[in-house]
Amino acid sequence: MPKIAEILSDDYEGKEVEIKGWIYRTRSSGSLVFVVVRDSTGVVQVTVNKDDVPEKDFSDAEKALIESSVIAKGTVAKDERAPGGYEIRASGFNVVGFADKYPITKDQSTELLLDQRHLWIRSRKMTNVLKIRSTVFGAIHDYFRNNGYWEVQAPILTPSMVEGGSTLFKVDYYDKEIYLAQSWQLYAEAMVMALEKIYCIAPSFRAEKFRTTRHLTEYWHAEMEIAWEGMDECIKEGEKLISHICQTVAERNLPELEALKRDPEYLKSQVPPFPRMKYDEAIEMLQKKGMNVDWGKDLRTLEERALMGDFNKPLIVTHYPKEIMAFYKPRDPENPDVALCFDFIAPEIGDEIIGGSERDADIKEIIKSLEREGEDISRYDWYLDSRRFGSVQHSGFGMGIERVVQWICGLEHIRDAIPFPRTVARYYP
RNA sequence: UCCGGUGUAGCUCAGAGGUAGAGCGCUUGACUGUUAAUCAAGAUGUCGCUGGUUCGAUCCCAGCCGCCGGAGCCA
(Lines give C-alpha, C1' and ligand atoms only; values in the text may rest on other atoms or scores of the structure.)
Protein backbone atom coordinates (compact mmCIF):
# COMPACT_ATOMS: atom_id res chain seq x y z
CA MET A 1 0.00 0.00 0.00
CA PRO A 2 1.27 3.47 -0.85
CA LYS A 3 2.43 5.95 1.74
CA ILE A 4 0.64 9.29 1.88
CA ALA A 5 3.36 11.27 0.08
CA GLU A 6 3.00 8.98 -2.94
CA ILE A 7 -0.75 9.42 -3.08
CA LEU A 8 -0.44 13.16 -3.63
CA SER A 9 0.08 12.84 -7.38
CA ASP A 10 -1.85 12.20 -10.56
CA ASP A 11 -0.54 8.62 -10.60
CA TYR A 12 -3.08 7.60 -8.02
CA GLU A 13 -6.04 9.64 -9.22
CA GLY A 14 -9.13 7.47 -9.39
CA LYS A 15 -7.41 4.52 -7.71
CA GLU A 16 -8.52 2.61 -4.63
CA VAL A 17 -6.08 2.95 -1.76
CA GLU A 18 -5.82 2.09 1.91
CA ILE A 19 -3.85 4.34 4.24
CA LYS A 20 -2.74 3.85 7.81
CA GLY A 21 -2.03 6.87 9.93
CA TRP A 22 -2.99 9.29 12.65
CA ILE A 23 -5.57 12.07 12.62
CA TYR A 24 -3.83 15.39 12.11
CA ARG A 25 -6.92 17.64 11.90
CA THR A 26 -10.60 16.86 11.90
CA ARG A 27 -13.73 18.87 11.12
CA SER A 28 -17.26 17.82 10.69
CA SER A 29 -19.90 19.46 8.60
CA GLY A 30 -23.18 17.66 8.96
CA SER A 31 -23.11 14.40 7.10
CA LEU A 32 -19.57 15.03 5.85
CA VAL A 33 -16.45 14.66 7.99
CA PHE A 34 -13.08 16.02 6.86
CA VAL A 35 -10.23 14.11 8.42
CA VAL A 36 -6.65 15.06 7.62
CA VAL A 37 -4.51 11.98 8.19
CA ARG A 38 -0.74 11.93 8.58
CA ASP A 39 1.78 9.17 8.30
CA SER A 40 5.56 9.42 8.42
CA THR A 41 5.64 10.79 4.87
CA GLY A 42 2.96 13.48 4.82
CA VAL A 43 -0.70 14.39 5.24
CA VAL A 44 -3.78 13.87 3.11
CA GLN A 45 -7.43 14.80 3.58
CA VAL A 46 -9.93 11.99 3.83
CA THR A 47 -13.58 12.89 3.29
CA VAL A 48 -16.04 10.62 5.02
CA ASN A 49 -19.53 10.92 3.58
CA LYS A 50 -22.36 9.48 5.65
CA ASP A 51 -23.90 7.89 2.55
CA ASP A 52 -20.70 6.14 1.41
CA VAL A 53 -19.51 4.31 4.53
CA PRO A 54 -21.02 1.92 7.09
CA GLU A 55 -22.89 3.69 9.88
CA LYS A 56 -20.32 2.79 12.55
CA ASP A 57 -17.47 4.08 10.38
CA PHE A 58 -19.21 7.42 10.07
CA SER A 59 -20.00 7.83 13.75
CA ASP A 60 -16.43 6.80 14.66
CA ALA A 61 -15.06 9.32 12.17
CA GLU A 62 -17.21 12.01 13.81
CA LYS A 63 -16.06 11.05 17.30
CA ALA A 64 -12.35 10.41 16.75
CA LEU A 65 -10.14 13.16 18.17
CA ILE A 66 -6.77 14.37 16.93
CA GLU A 67 -4.02 11.69 16.97
CA SER A 68 -6.45 8.79 16.89
CA SER A 69 -4.91 6.05 14.74
CA VAL A 70 -6.96 5.08 11.70
CA ILE A 71 -7.07 2.89 8.62
CA ALA A 72 -9.00 4.51 5.77
CA LYS A 73 -9.99 3.03 2.44
CA GLY A 74 -11.23 4.97 -0.55
CA THR A 75 -10.69 6.48 -3.96
CA VAL A 76 -8.10 9.16 -4.63
CA ALA A 77 -9.57 12.28 -6.19
CA LYS A 78 -7.99 15.48 -7.41
CA ASP A 79 -9.72 18.37 -5.70
CA GLU A 80 -8.54 21.94 -5.35
CA ARG A 81 -10.50 22.34 -2.16
CA ALA A 82 -8.37 19.71 -0.43
CA PRO A 83 -5.12 20.75 1.24
CA GLY A 84 -2.38 19.36 -1.00
CA GLY A 85 -4.74 19.17 -3.99
CA TYR A 86 -5.76 15.52 -3.55
CA GLU A 87 -8.07 13.75 -1.17
CA ILE A 88 -9.35 10.29 -0.44
CA ARG A 89 -13.12 9.78 -0.67
CA ALA A 90 -13.64 7.14 1.97
CA SER A 91 -15.49 3.91 1.47
CA GLY A 92 -14.35 2.65 4.85
CA PHE A 93 -13.02 4.37 7.96
CA ASN A 94 -11.71 2.22 10.78
CA VAL A 95 -10.50 3.82 14.02
CA VAL A 96 -7.72 1.60 15.36
CA GLY A 97 -7.15 3.53 18.58
CA PHE A 98 -9.26 6.43 19.85
CA ALA A 99 -7.09 9.21 21.22
CA ASP A 100 -7.71 11.07 24.45
CA LYS A 101 -8.10 14.81 24.25
CA TYR A 102 -4.77 15.89 22.75
CA PRO A 103 -2.85 18.16 25.10
CA ILE A 104 -1.15 20.07 22.29
CA THR A 105 -3.46 22.62 20.68
CA LYS A 106 -3.14 25.74 18.63
CA ASP A 107 -1.89 27.73 21.58
CA GLN A 108 1.47 26.38 22.60
CA SER A 109 4.29 27.49 24.84
CA THR A 110 7.86 26.27 24.77
CA GLU A 111 7.42 24.73 28.16
CA LEU A 112 4.29 22.82 27.19
CA LEU A 113 5.97 21.40 24.12
CA LEU A 114 8.91 20.27 26.22
CA ASP A 115 6.65 18.65 28.80
CA GLN A 116 4.76 16.94 25.98
CA ARG A 117 7.90 16.12 24.04
CA HIS A 118 6.90 12.48 23.60
CA LEU A 119 3.88 13.74 21.66
CA TRP A 120 5.46 16.80 20.08
CA ILE A 121 7.94 14.62 18.18
CA ARG A 122 4.92 13.65 16.04
CA SER A 123 4.74 17.23 14.75
CA ARG A 124 5.71 18.12 11.21
CA LYS A 125 8.55 20.30 12.41
CA MET A 126 10.10 17.61 14.58
CA THR A 127 9.72 14.82 12.05
CA ASN A 128 11.42 16.97 9.41
CA VAL A 129 14.32 17.67 11.73
CA LEU A 130 14.58 14.05 12.82
CA LYS A 131 14.76 12.88 9.23
CA ILE A 132 17.61 15.30 8.54
CA ARG A 133 19.30 14.23 11.76
CA SER A 134 19.14 10.64 10.54
CA THR A 135 20.81 11.66 7.27
CA VAL A 136 23.52 13.51 9.18
CA PHE A 137 24.35 10.45 11.29
CA GLY A 138 24.42 8.29 8.16
CA ALA A 139 26.64 10.76 6.32
CA ILE A 140 29.16 10.80 9.16
CA HIS A 141 29.43 7.01 9.05
CA ASP A 142 29.70 7.10 5.24
CA TYR A 143 32.44 9.66 5.27
CA PHE A 144 34.68 7.91 7.74
CA ARG A 145 34.07 4.40 6.49
CA ASN A 146 34.73 5.44 2.89
CA ASN A 147 37.98 7.08 3.90
CA GLY A 148 39.72 4.25 5.67
CA TYR A 149 38.60 4.81 9.25
CA TRP A 150 37.68 2.10 11.72
CA GLU A 151 34.73 2.71 13.97
CA VAL A 152 35.68 1.97 17.54
CA GLN A 153 33.98 2.71 20.83
CA ALA A 154 35.23 3.97 24.17
CA PRO A 155 33.63 3.51 27.59
CA ILE A 156 30.96 5.90 28.79
CA LEU A 157 31.78 5.16 32.43
CA THR A 158 35.27 6.53 32.95
CA PRO A 159 37.69 7.25 35.80
CA SER A 160 39.33 10.30 34.26
CA MET A 161 38.40 13.56 32.73
CA VAL A 162 39.14 15.35 29.51
CA GLU A 163 37.76 18.85 29.82
CA GLY A 164 37.75 19.77 33.47
CA GLY A 165 36.35 18.42 36.70
CA SER A 166 33.52 20.84 37.30
CA THR A 167 31.66 19.68 34.24
CA LEU A 168 31.62 15.97 35.05
CA PHE A 169 28.53 13.98 35.90
CA LYS A 170 29.36 11.76 38.85
CA VAL A 171 28.22 8.17 38.89
CA ASP A 172 28.02 5.93 41.93
CA TYR A 173 29.92 2.88 40.71
CA TYR A 174 29.67 0.25 43.49
CA ASP A 175 30.38 2.96 46.08
CA LYS A 176 33.24 4.40 44.05
CA GLU A 177 32.98 7.71 42.24
CA ILE A 178 33.48 7.67 38.52
CA TYR A 179 32.16 9.86 35.70
CA LEU A 180 30.16 9.90 32.52
CA ALA A 181 32.41 10.43 29.51
CA GLN A 182 32.87 13.94 28.17
CA SER A 183 34.74 12.65 25.16
CA TRP A 184 36.24 9.44 23.87
CA GLN A 185 39.50 11.21 23.22
CA LEU A 186 41.86 9.78 25.80
CA TYR A 187 40.82 6.27 24.79
CA ALA A 188 41.08 7.27 21.14
CA GLU A 189 44.69 8.26 21.67
CA ALA A 190 45.36 4.76 22.97
CA MET A 191 43.40 3.04 20.19
CA VAL A 192 44.84 5.11 17.37
CA MET A 193 48.20 3.47 18.01
CA ALA A 194 46.53 0.21 17.00
CA LEU A 195 44.15 1.17 14.18
CA GLU A 196 45.74 4.43 12.92
CA LYS A 197 42.54 6.01 11.58
CA ILE A 198 39.52 5.77 13.84
CA TYR A 199 36.19 7.43 14.54
CA CYS A 200 33.20 7.09 16.80
CA ILE A 201 29.71 8.48 17.29
CA ALA A 202 28.69 8.42 20.94
CA PRO A 203 26.94 10.51 23.54
CA SER A 204 29.04 12.89 25.59
CA PHE A 205 28.02 14.38 28.89
CA ARG A 206 28.80 17.83 30.26
CA ALA A 207 27.47 18.96 33.60
CA GLU A 208 27.72 22.62 32.69
CA LYS A 209 25.17 24.80 34.43
CA PHE A 210 24.57 26.94 31.40
CA ARG A 211 21.25 27.69 29.85
CA THR A 212 21.74 28.75 26.30
CA THR A 213 20.28 27.93 22.91
CA ARG A 214 23.33 25.81 22.04
CA HIS A 215 24.03 23.62 25.06
CA LEU A 216 22.82 20.17 25.95
CA THR A 217 24.07 18.18 28.92
CA GLU A 218 23.83 15.01 26.85
CA TYR A 219 24.80 15.41 23.23
CA TRP A 220 26.01 13.25 20.38
CA HIS A 221 29.64 13.60 19.59
CA ALA A 222 31.32 12.49 16.37
CA GLU A 223 35.02 12.17 17.01
CA MET A 224 38.00 11.10 14.93
CA GLU A 225 41.66 10.47 15.58
CA ILE A 226 44.46 9.89 13.06
CA ALA A 227 48.03 8.74 13.54
CA TRP A 228 51.02 10.10 11.63
CA GLU A 229 49.20 13.35 10.83
CA GLY A 230 49.30 16.88 12.20
CA MET A 231 46.83 19.69 12.61
CA ASP A 232 46.59 20.67 8.95
CA GLU A 233 45.52 17.24 7.77
CA CYS A 234 43.04 17.08 10.62
CA ILE A 235 41.49 20.41 9.62
CA LYS A 236 41.15 19.19 6.03
CA GLU A 237 39.30 16.13 7.26
CA GLY A 238 36.95 18.38 9.23
CA GLU A 239 36.23 20.47 6.13
CA LYS A 240 35.56 17.41 4.03
CA LEU A 241 33.35 15.85 6.67
CA ILE A 242 31.19 18.97 7.06
CA SER A 243 30.97 19.32 3.30
CA HIS A 244 29.98 15.68 2.85
CA ILE A 245 27.23 16.03 5.47
CA CYS A 246 25.84 19.16 3.79
CA GLN A 247 25.95 17.63 0.31
CA THR A 248 24.20 14.49 1.51
CA VAL A 249 21.41 16.38 3.24
CA ALA A 250 20.96 18.64 0.19
CA GLU A 251 20.61 15.53 -1.93
CA ARG A 252 18.34 13.40 0.22
CA ASN A 253 16.19 15.79 2.24
CA LEU A 254 14.70 18.23 -0.23
CA PRO A 255 11.13 18.04 1.10
CA GLU A 256 12.32 18.46 4.68
CA LEU A 257 14.59 21.39 3.80
CA GLU A 258 11.75 23.05 1.96
CA ALA A 259 9.42 22.57 4.93
CA LEU A 260 12.06 24.11 7.19
CA LYS A 261 12.59 26.95 4.69
CA ARG A 262 16.25 26.06 4.14
CA ASP A 263 17.87 26.56 0.78
CA PRO A 264 19.56 23.38 -0.49
CA GLU A 265 21.90 25.56 -2.61
CA TYR A 266 23.30 27.00 0.61
CA LEU A 267 24.22 23.51 1.76
CA LYS A 268 25.66 22.63 -1.64
CA SER A 269 27.92 25.68 -1.42
CA GLN A 270 29.60 24.25 1.68
CA VAL A 271 32.74 22.99 -0.04
CA PRO A 272 36.36 23.31 1.09
CA PRO A 273 38.38 25.32 1.66
CA PHE A 274 36.68 27.14 4.53
CA PRO A 275 37.95 30.56 5.61
CA ARG A 276 40.75 30.37 8.17
CA MET A 277 42.42 32.72 10.58
CA LYS A 278 44.79 32.49 13.51
CA TYR A 279 43.68 33.47 16.98
CA ASP A 280 46.11 36.43 16.77
CA GLU A 281 44.38 37.69 13.65
CA ALA A 282 40.99 37.16 15.23
CA ILE A 283 41.92 39.29 18.23
CA GLU A 284 43.30 41.98 15.94
CA MET A 285 40.15 41.94 13.84
CA LEU A 286 37.93 42.21 16.91
CA GLN A 287 39.97 45.08 18.28
CA LYS A 288 39.60 46.87 14.95
CA LYS A 289 35.87 46.44 15.29
CA GLY A 290 36.23 48.28 18.57
CA MET A 291 35.62 45.30 20.84
CA ASN A 292 37.38 45.14 24.16
CA VAL A 293 39.33 41.88 23.91
CA ASP A 294 42.73 40.98 25.25
CA TRP A 295 45.10 38.37 23.92
CA GLY A 296 45.15 35.31 26.15
CA LYS A 297 41.48 34.72 26.76
CA ASP A 298 39.25 32.24 25.00
CA LEU A 299 36.89 33.74 22.46
CA ARG A 300 33.44 34.23 23.90
CA THR A 301 30.23 33.57 22.02
CA LEU A 302 29.76 37.29 21.48
CA GLU A 303 33.19 37.53 19.90
CA GLU A 304 32.79 34.39 17.80
CA ARG A 305 29.62 35.85 16.38
CA ALA A 306 31.28 39.17 15.66
CA LEU A 307 34.08 37.31 13.87
CA MET A 308 31.68 35.40 11.68
CA GLY A 309 30.67 38.65 10.03
CA ASP A 310 29.69 37.91 6.49
CA PHE A 311 31.21 34.45 6.22
CA ASN A 312 28.73 31.98 4.84
CA LYS A 313 30.91 28.95 5.45
CA PRO A 314 32.32 27.76 8.76
CA LEU A 315 35.24 29.86 9.97
CA ILE A 316 38.29 27.99 11.20
CA VAL A 317 40.19 29.70 14.00
CA THR A 318 43.57 28.18 14.84
CA HIS A 319 46.48 28.61 17.26
CA TYR A 320 44.74 29.60 20.50
CA PRO A 321 46.90 30.52 23.51
CA LYS A 322 48.44 27.40 25.05
CA GLU A 323 47.72 28.52 28.60
CA ILE A 324 43.95 28.34 28.28
CA MET A 325 43.88 25.07 26.33
CA ALA A 326 43.45 21.54 27.62
CA PHE A 327 46.52 19.60 28.68
CA TYR A 328 46.78 17.43 25.55
CA LYS A 329 47.10 20.33 23.09
CA PRO A 330 50.75 20.87 22.11
CA ARG A 331 52.70 24.07 21.84
CA ASP A 332 53.37 25.34 18.33
CA PRO A 333 57.13 24.86 17.80
CA GLU A 334 57.17 28.12 15.83
CA ASN A 335 55.39 30.06 18.56
CA PRO A 336 55.44 28.45 22.01
CA ASP A 337 52.75 30.80 23.31
CA VAL A 338 50.07 29.14 21.19
CA ALA A 339 48.80 25.60 20.74
CA LEU A 340 48.28 23.54 17.59
CA CYS A 341 44.54 23.54 17.87
CA PHE A 342 41.49 24.76 15.99
CA ASP A 343 37.77 25.43 16.18
CA PHE A 344 35.18 25.50 13.41
CA ILE A 345 32.62 28.24 14.00
CA ALA A 346 29.36 27.74 12.11
CA PRO A 347 27.75 30.60 10.20
CA GLU A 348 24.33 31.82 11.39
CA ILE A 349 24.48 30.16 14.79
CA GLY A 350 27.96 31.63 15.34
CA ASP A 351 29.03 28.78 17.50
CA GLU A 352 31.65 26.07 17.58
CA ILE A 353 30.70 22.91 15.77
CA ILE A 354 34.14 21.29 15.73
CA GLY A 355 37.02 21.52 18.15
CA GLY A 356 40.27 19.70 17.56
CA SER A 357 44.02 19.68 17.83
CA GLU A 358 47.23 17.91 17.30
CA ARG A 359 48.05 15.91 20.45
CA ASP A 360 51.02 16.69 22.59
CA ALA A 361 53.81 14.12 22.14
CA ASP A 362 55.86 15.48 25.04
CA ILE A 363 55.01 13.49 28.15
CA LYS A 364 56.72 16.04 30.41
CA GLU A 365 54.55 18.86 29.05
CA ILE A 366 51.43 16.77 29.56
CA ILE A 367 52.31 15.95 33.17
CA LYS A 368 53.15 19.59 33.83
CA SER A 369 49.80 20.73 32.45
CA LEU A 370 47.88 18.09 34.38
CA GLU A 371 49.63 19.08 37.60
CA ARG A 372 48.86 22.72 36.95
CA GLU A 373 45.20 21.79 36.61
CA GLY A 374 45.41 19.95 39.92
CA GLU A 375 44.85 16.50 38.50
CA ASP A 376 45.73 13.20 40.11
CA ILE A 377 48.40 11.89 37.72
CA SER A 378 47.87 8.28 38.77
CA ARG A 379 44.44 8.30 37.11
CA TYR A 380 46.12 9.16 33.83
CA ASP A 381 48.92 6.65 33.99
CA TRP A 382 47.32 4.36 31.42
CA TYR A 383 46.92 7.34 29.09
CA LEU A 384 50.54 8.37 29.48
CA ASP A 385 51.57 4.91 28.29
CA SER A 386 50.49 6.00 24.79
CA ARG A 387 53.49 8.34 24.97
CA ARG A 388 55.84 5.79 26.54
CA PHE A 389 55.35 3.01 23.99
CA GLY A 390 56.19 4.23 20.52
CA SER A 391 54.32 7.52 20.41
CA VAL A 392 53.81 9.12 17.02
CA GLN A 393 52.36 12.40 15.86
CA HIS A 394 48.58 12.21 15.96
CA SER A 395 45.58 14.53 15.83
CA GLY A 396 41.84 14.49 16.16
CA PHE A 397 38.66 16.47 16.53
CA GLY A 398 35.18 16.25 17.95
CA MET A 399 32.03 17.50 16.27
CA GLY A 400 28.84 18.37 18.13
CA ILE A 401 26.24 16.67 15.99
CA GLU A 402 23.24 18.56 17.36
CA ARG A 403 24.95 21.87 16.62
CA VAL A 404 25.49 20.74 13.04
CA VAL A 405 21.84 19.71 12.80
CA GLN A 406 20.84 23.03 14.37
CA TRP A 407 22.84 24.92 11.76
CA ILE A 408 21.65 22.83 8.80
CA CYS A 409 18.00 23.02 9.84
CA GLY A 410 18.18 26.67 10.87
CA LEU A 411 16.90 25.95 14.37
CA GLU A 412 16.72 28.64 16.99
CA HIS A 413 17.40 26.21 19.81
CA ILE A 414 19.65 23.18 19.92
CA ARG A 415 17.10 21.17 21.88
CA ASP A 416 15.04 20.75 18.71
CA ALA A 417 17.97 18.96 17.08
CA ILE A 418 17.52 15.94 19.37
CA PRO A 419 14.28 14.06 20.13
CA PHE A 420 14.52 14.10 23.92
CA PRO A 421 16.78 16.95 25.00
CA ARG A 422 18.64 16.98 28.29
CA THR A 423 19.43 20.40 29.63
CA VAL A 424 20.20 21.80 33.05
CA ALA A 425 16.54 22.06 33.96
CA ARG A 426 15.10 19.22 31.93
CA TYR A 427 15.38 15.46 32.17
CA TYR A 428 11.68 14.58 31.61
CA PRO A 429 10.27 12.96 29.57
C1' U B 1 26.29 31.75 39.78
C1' C B 2 24.89 36.74 37.94
C1' C B 3 21.27 39.97 35.19
C1' G B 4 16.28 40.44 33.26
C1' G B 5 11.35 38.40 32.78
C1' U B 6 7.39 35.28 34.27
C1' G B 7 3.80 32.04 37.30
C1' U B 8 -4.48 32.97 37.00
C1' A B 9 -9.30 27.23 33.53
C1' G B 10 -6.66 21.50 29.73
C1' C B 11 -3.86 25.48 26.46
C1' U B 12 -2.75 30.91 25.31
C1' C B 13 -3.54 35.05 28.14
C1' A B 14 -6.38 39.52 30.35
C1' G B 15 -7.70 41.33 35.21
C1' A B 16 -8.64 44.27 39.88
C1' G B 17 -7.76 45.33 47.69
C1' G B 18 -14.50 43.14 48.12
C1' U B 19 -14.85 35.12 46.77
C1' A B 20 -12.73 34.96 38.81
C1' G B 21 -12.74 36.55 32.94
C1' A B 22 -11.89 36.00 27.30
C1' G B 23 -10.27 33.10 23.13
C1' C B 24 -9.01 28.23 21.88
C1' G B 25 -9.84 23.16 23.27
C1' C B 26 -13.68 19.73 25.33
C1' U B 27 -19.23 18.14 25.72
C1' U B 28 -24.29 18.64 23.36
C1' G B 29 -27.00 20.34 19.09
C1' A B 30 -27.18 22.48 13.74
C1' C B 31 -24.77 22.34 8.94
C1' U B 32 -22.77 18.10 2.16
C1' G B 33 -16.79 21.34 0.87
C1' U B 34 -14.25 22.23 5.51
C1' U B 35 -8.88 24.38 5.37
C1' A B 36 -6.45 24.30 13.43
C1' A B 37 -14.52 26.20 9.70
C1' U B 38 -19.12 28.64 11.39
C1' C B 39 -23.58 29.23 14.64
C1' A B 40 -26.15 28.05 19.50
C1' A B 41 -25.84 26.06 24.43
C1' G B 42 -22.88 23.79 28.49
C1' A B 43 -18.91 22.06 31.94
C1' U B 44 -14.09 23.48 33.81
C1' G B 45 -10.11 26.98 38.86
C1' U B 46 -5.34 25.08 45.45
C1' C B 47 -5.11 32.55 40.99
C1' G B 48 3.09 28.68 42.18
C1' C B 49 4.23 27.83 47.82
C1' U B 50 4.87 29.83 52.87
C1' G B 51 4.37 33.76 56.02
C1' G B 52 2.97 39.02 56.91
C1' U B 53 -0.21 43.68 56.48
C1' U B 54 -5.71 44.22 56.26
C1' C B 55 -12.49 43.70 58.45
C1' G B 56 -11.18 41.20 53.83
C1' A B 57 -5.28 39.27 49.72
C1' U B 58 -5.36 35.91 43.75
C1' C B 59 -4.04 41.46 43.85
C1' C B 60 0.12 44.93 48.56
C1' C B 61 4.91 43.29 51.35
C1' A B 62 8.83 39.46 52.51
C1' G B 63 11.01 34.82 51.72
C1' C B 64 11.11 30.45 48.86
C1' C B 65 10.22 27.47 44.49
C1' G B 66 9.37 26.55 39.24
C1' C B 67 9.94 28.10 34.34
C1' C B 68 11.79 31.36 30.19
C1' G B 69 15.64 34.61 27.96
C1' G B 70 20.72 36.53 28.23
C1' A B 71 25.91 36.11 30.16
C1' G B 72 30.27 33.10 31.79
C1' C B 73 32.00 27.69 29.67
C1' C B 74 32.23 24.55 25.65
C1' A B 75 31.01 20.66 20.97
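The structure presented is a predicted model; accordingly, all values stated were derived computationally and were not measured. Lettering of chains follows the sequences in order, A, B, ..., and the numbering in each one begins at 1. Just so it is clear, the values below take in all heavy atoms, side chains as well, and ignore hydrogens, waters and symmetry mates.
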Worksheet entry | Position toward the 5' end of RNA chain B (nearest nucleotide), Thr213(A) or Asp79(A) |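 On the 5' side of the pair lies Asp79(A).
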Practice prompt. Return the 5'-most residue of the pair Lys63(A), His221(A) with respect to RNA chain B, ranking by each residue's nearest nucleotide.
Written response: Lys63(A)
Could you state the atom-to-atom distance from [atom1] of [X] to [atom2] of [N] in whole Å?
X         : N      : atom1 : atom2 : value
Gln182(A) : C74(B) : CD    : C1'   : 10 Å
Lys50(A)  : C31(B) : NZ    : C1'   : 12 Å
Arg27(A)  : G33(B) : CZ    : P     : 13 Å
Tyr320(A) : C74(B) : OH    : C1'   : 11 Å
His215(A) : C73(B) : NE2   : C1'   : 6 Å
Arg81(A)  : U32(B) : CZ    : C1'   : 10 Å
Glu303(A) : G70(B) : CD    : P     : 17 Å
Trp120(A) : A36(B) : CH2   : C1'   : 12 Å

Worksheet item: Do Tyr199(A) and Tyr143(A) pass the ring pair (Phe, Tyr, Trp, His ring centres under 6.0 Å) test, and can you show the C-alpha distance, the side-chain angles, and the key distance before you say yes or no?
Response: CA-CA 10 Å; Tyr199(A) 83 100; Tyr143(A) 179 80; 9.3 Å; no
What interatomic distance, in whole Å, is found between [atom1] of [M] and the corresponding atom of [N]?
N      : M      : atom1 : answer
U58(B) : C47(B) : P     : 7 Å
A57(B) : G52(B) : C1'   : 11 Å
G17(B) : C59(B) : C1'   : 7 Å
C11(B) : C26(B) : C1'   : 11 Å
G18(B) : C61(B) : P     : 15 Å
G7(B)  : G48(B) : P     : 8 Å

Fill in: Plane angle bin for Phe327(A) and Tyr383(A) - parallel if under 30°, tilted between 30 and 60°, otherwise perpendicular
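Ring orientation of Tyr383(A) relative to Phe327(A): perpendicular.
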Practice prompt. Over 60° means perpendicular and under 30° means parallel, so classify the ring planes of Tyr320(A) and Tyr279(A), tilted if in between.
Written response: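 Tyr279(A) and Tyr320(A): tilted rings.
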Please tell me which of the listed nucleotides, [options], lies nearest to the side chain of [X]?
X         : options                : value
Ser31(A)  : U32(B), C68(B), A75(B) : U32(B)
Asn49(A)  : U34(B), U32(B), G69(B) : U32(B)
Ile414(A) : A75(B), G33(B), U32(B) : A75(B)
Arg305(A) : C68(B), A71(B), A36(B) : A71(B)

Could you tell me whether [X] contacts a base, only the sugar-phosphate backbone, or nothing, with contacts defined as non-hydrogen atoms closer than 4.0 Å?
X         : value
Arg89(A)  : base
Ala82(A)  : base
Arg124(A) : nothing
Ser204(A) : nothing
Asp298(A) : sugar-phosphate
Glu304(A) : base
Leu216(A) : base

Worksheet item: So how far is it from His221(A) NE2 to Arg403(A) CZ, rounded to the nearest 0.5 Å?
Response: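 Rounded to the nearest 0.5 Å, the NE2-CZ separation comes out at 9.5 Å.
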Worksheet item: What pairs with Trp150(A) under ring-ring contact (aromatic ring centres under 6.0 Å, His included), at least two apart in sequence or on another chain?
Response: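 Partners of Trp150(A) under the ring-ring contact (aromatic ring centres under 6.0 Å, His included) test: none.
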Item to complete: Flag as yes if Tyr219(A) stacks onto the base of A75(B) (centroids under 5.5 Å, planes under 30°), otherwise no.
Response: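 Stacking is present between A75(B) and Tyr219(A), given that their ring centres fall under 5.5 Å apart and the planes under 30°.
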Fill in: Any pair counted as side chain to side chain donor-acceptor pair (under 3.5 Å), so long as it reaches residues 49-66 of chain A, sequence neighbours left out
Lys56(A)-Asp60(A)
Item to complete: Would you list the pairs meeting side chain to side chain donor-acceptor pair (under 3.5 Å) in which at least one residue belongs to residues 75-86 of chain A, sequence neighbours left out?
Response: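 Every pair satisfying side chain to side chain donor-acceptor pair (under 3.5 Å) with a residue in residues 75-86 of chain A: Asp10(A)-Lys78(A), Asp10(A)-Tyr86(A), Glu16(A)-Thr75(A), Asp79(A)-Arg81(A), Asp79(A)-Arg89(A).
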Hey, is the side chain of [X] pairing donor to acceptor with the base of [N] inside 3.5 Å?
X         : N      : value
Arg403(A) : C74(B) : yes
Gln45(A)  : U34(B) : yes
Glu87(A)  : G33(B) : yes

Worksheet item: Is it the case that Lys313(A) places NZ or CZ above or below the six-membered ring of Phe274(A), under 6.0 angstrom from the centre and within 45 degrees of the axis?
Response: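 Lys313(A) over Phe274(A) ring: no.
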Worksheet, complete the sentence: Intra- and inter-strand pairing of RNA chain B, written as dot-bracket with Watson-Crick and G-U pairs under 3.5 Å and | for the latter, reads (((((((..((((....[..)))).(((((.......))))).....(((((..]....))))))))))))....
Discussion item. Which residues pass the salt bridge (Lys or Arg N to Asp or Glu O under 4.0 Å) test with Lys368(A), not counting sequence neighbours?
Written reply: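 Once residues adjacent in sequence are excluded, Lys368(A) has no partner under the salt bridge (Lys or Arg N to Asp or Glu O under 4.0 Å) criterion.
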Worksheet, complete the sentence: Heavy-atom contacts, protein to nucleotides 2-14 of chain B, under 4.0 Å, summarised as B (base), S (sugar-phosphate only) or - (none) per nt, yield ---------BS--
Worksheet entry | Under 3.5 Å side-chain donor-acceptor pair for Glu225(A) and Tyr187(A) |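 Absent: no donor and acceptor within the cut-off.
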Worksheet entry | Check ion pair Glu67(A)-Arg122(A) (N to O, under 4.0 angstrom) |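 Yes, charged N to carboxylate O under 4.0 Å.
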Worksheet item: Can you find a side chain N or O atom of Arg214(A) that sits less than 4.0 Å from OP1 or OP2 on A71(B)?
Response: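 Answer is yes, contact under 4.0 Å.
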Discussion item. So, does Arg25(A) get its side chain near the phosphate of G25(B), meaning an N or O under 4.0 Å from OP1 or OP2?
Written reply: no
Item to complete: Evaluate whether atom CZ of Phe98(A) has more than 12 neighbouring non-hydrogen atoms of other residues, nucleotides or ligands under 6.0 angstrom away.
Response: yes
